[in-house]
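Here is the structure we will look at, set down as C-alpha cells.
In what follows, chains are A, B, ... by sequence order, proteins preceding strands, each numbered from 1. Note that these values count all heavy atoms, side chains included, but never hydrogens, waters or copies made by symmetry. Because the structure is a prediction, the values reported are computed rather than measured.
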Amino acid sequence: MNYFLVKTEPNVFSIDDLKKKKSEPWDGVRNYQARNIMRDHMKPGDRVLFYHSNACPPGIAGICTVASAPYPDPTQFDNKSRYFDPKSSVDNPKWILVDVAFERKFKRLIPLDELKQYPELAKMRLLQRGNRLSVMPVEKSEFKFIETLVHG
DNA sequence: GCCAACGTTGGC
DNA sequence: GCCAACGTTGGC
C-alpha cells in the first residue's frame with residue numbers, strides 16, 4: 001500500500017463532485033513528474049489525500065483511492081478538450097492517468113496553515129517552498145498522522 | 001490581481 | 001546543450 005496526495009481546484013472539481021460521481025479519471029495532468037507517479041507508482045487500492053488548492057482556505061478535504069491501473073488520458077486525443085495535446089498520438093500516448101474513487105470527506109477541512117504547524121509533517125512535499133507538483137507521494141506516517149487529525 | 005517559483009519552449 | 005522568454009501554479 002502506497003500513499004499519495006492530489007491537488008485540485010474545488011471550483012473545478014471538488015471532493016463533493018467526487019462523492020457524487022464515485023469515481024473519476026484524474027485527467028488533465030500535464031507534468032512529467034506527476035504523470036510518472038501515476039504511471040509507475042500508483043496501484044489500485046492505494047490511498048490518496050484529496051487537496052483543495054486555490055481555495056479559501058486551501059487544505060486537505062478528504063481521502064480517495066486509486067481505482068484503476070494506469071491508462072492513457074483520453075483528453076490528450078480530443079481536439080475539443082483544453083487538455084488536447086497535438087504532439088501525442090494513440091500509438092504513442094504521452095499522458096497517463098489513473099481513476100480515483102471517493103473514500104471519505106473529512107468532517108472538517110484541514111487548512112494548509114494548520115498542516116504547516118505540525119513538526120510531524122514538516123517534510124511533506126506539499127509544504128516545501130515553491131512546490132507546484134499536483135500529484136505527489138506522501139509518507140505512511142504523514143498520512144496516518146493526518147487521519148488522526150480528523151475523527152469521523 | 002500580484003508575484004515567486006519553476007517547468008517548457010525554441011532560437012542559436 | 002545553453003539559456004532567455006514565456007506560461008502555469010497556487011498562496012496570498
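Following rounding to the nearest Å, A/K87 (NZ) and B/dT9 (C1') show an atom-to-atom distance of 7 Å. At whole-Å resolution of the value, CD in A/E9 and P in C/dT9 are 8 Å apart. The separation between A/Q33 atom CD and B/dA5 atom P is 18 Å, rounded to whole Å. One can place CG of A/N131 at 19 Å from P of C/dT8, the figure rounded to the nearest angstrom. To the nearest angstrom, P of C/dG11 lies 13 Å from CE of A/M124. The CD-C1' distance, from A/E114 to C/dG11, rounds to 17 Å in whole Å. Between the C1' atom of B/dT8 and the CZ atom of A/R35 lies a distance of 14 Å, rounded to the nearest Å. The distance from atom CG of A/D85 to atom P of C/dG7 is 17 Å, rounded to the nearest whole Å.
Of the listed nucleotides (B/dG10, C/dG7, C/dC12), C/dC12 has the atom at the smallest distance from the side chain of A/L112. Listed candidates were C/dG11, C/dG10, C/dT8. Nearest to the side chain of A/K7 is C/dG10.
A side-chain donor-acceptor contact under 3.5 Å links A/Q76 and A/S88. No hydrogens or angles considered: a donor-acceptor pair under 3.5 Å links the side chains of A/D73 and A/T75.
Applying the 3.5 Å distance criterion, the base of C/dT8 shares no donor-acceptor pair with the side chain of A/R30.
Taking the six-membered ring where the residue is Trp, the centroids of A/W26 and A/Y83 are separated by 6.0 Å or more.
For the pair A/K116 and C/dC12, the criterion of a side-chain N or O lying under 4.0 Å from OP1 or OP2 is met.
Between A/Y32 and A/N54, the residue anchored nearer the 5' end of DNA chain B, judged by the nucleotide with its closest heavy atom, is A/N54.
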Output, in order, the C-alpha distance, side-chain angles, deciding distance and verdict of side-chain contact (heavy atoms from CB on, under 4.5 Å) for A/F4 and A/H41. CA-CA 10 Å; A/F4 301 91; A/H41 300 292; 4.0 Å; yes
